[in-house]
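What you see is a predicted model; the values in this text were computed from it and never measured. Residue numbers count from 1 along this sequence.
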Amino acid sequence: MSDDKSAREPIAEDARIDALERRLKAASERESERNRPKASGADANYRSGNRVLADLLGGILGGLVIGFAFDSLFDTSPWGLLVGLFLGIVVAFRNIIRTANTSLDSPPDGD
């Protein structure tokens, strides 16, 4: 019984199987490319724009609040408010320039 040859002989590679394997490989590569998360430049630009806006508004409003508090405590109206506003603008622009320089010097995110 064990001496009998098997009725099933392994068949040789078929060109259709090779073509099917190539098509499957190409389809899986396209699918992995499609599903890969994309680092969109628009999203990064949107985030950096929001950061600049937050720095600008935060510096100006912070300077105004500190200047107003200084005026209220020491009765130096309007000089404390004006100096606080000026310092807030200076700090805001310093932060914006620093952010712009670090984003230009740092390498891009990715692989």
Within residues 52-68 or reaching into it, pairs that qualify as side chain to side chain donor-acceptor pair (under 3.5 Å) - sequence neighbours excluded: none
Output every pair passing side chain to side chain donor-acceptor pair (under 3.5 Å) with a member in residues 82-97, not counting sequence neighbours, ordered by first then second residue.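 Sorted pair list: N95-R98.
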Hydrophobic side-chain clustering at under 4.5 Å (ILVMFWY, transitive links): who's grouped with [X]? Put none if nobody.
X	answer
L53	L57
V91	none
L82	W79
L73	F70, F74

With sequence neighbours excluded, what pairs up with [X] under the side chain to side chain contact (heavy atoms under 4.5 Å, CB included) test?
X	value
E31	R34, N35
F68	S72, L81
D18	E13, E21, R22
L56	I60, A92, F93, I96

Once salt bridge (Lys or Arg N to Asp or Glu O under 4.0 Å) is applied, what residue pairs with a partner in residues 68-77 remain, sequence neighbours excluded?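 Matches after skipping sequence neighbours: none remain.
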Residue that, paired with L85, satisfies side chain to side chain contact (heavy atoms under 4.5 Å, CB included) out of L87, I89, V83: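 Of L87, I89, V83, side chain to side chain contact (heavy atoms under 4.5 Å, CB included) with L85 is met by I89 alone.
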For E33, salt bridge (charged side-chain N to carboxylate O under 4.0 Å, His left out) partners two or more places apart: R36
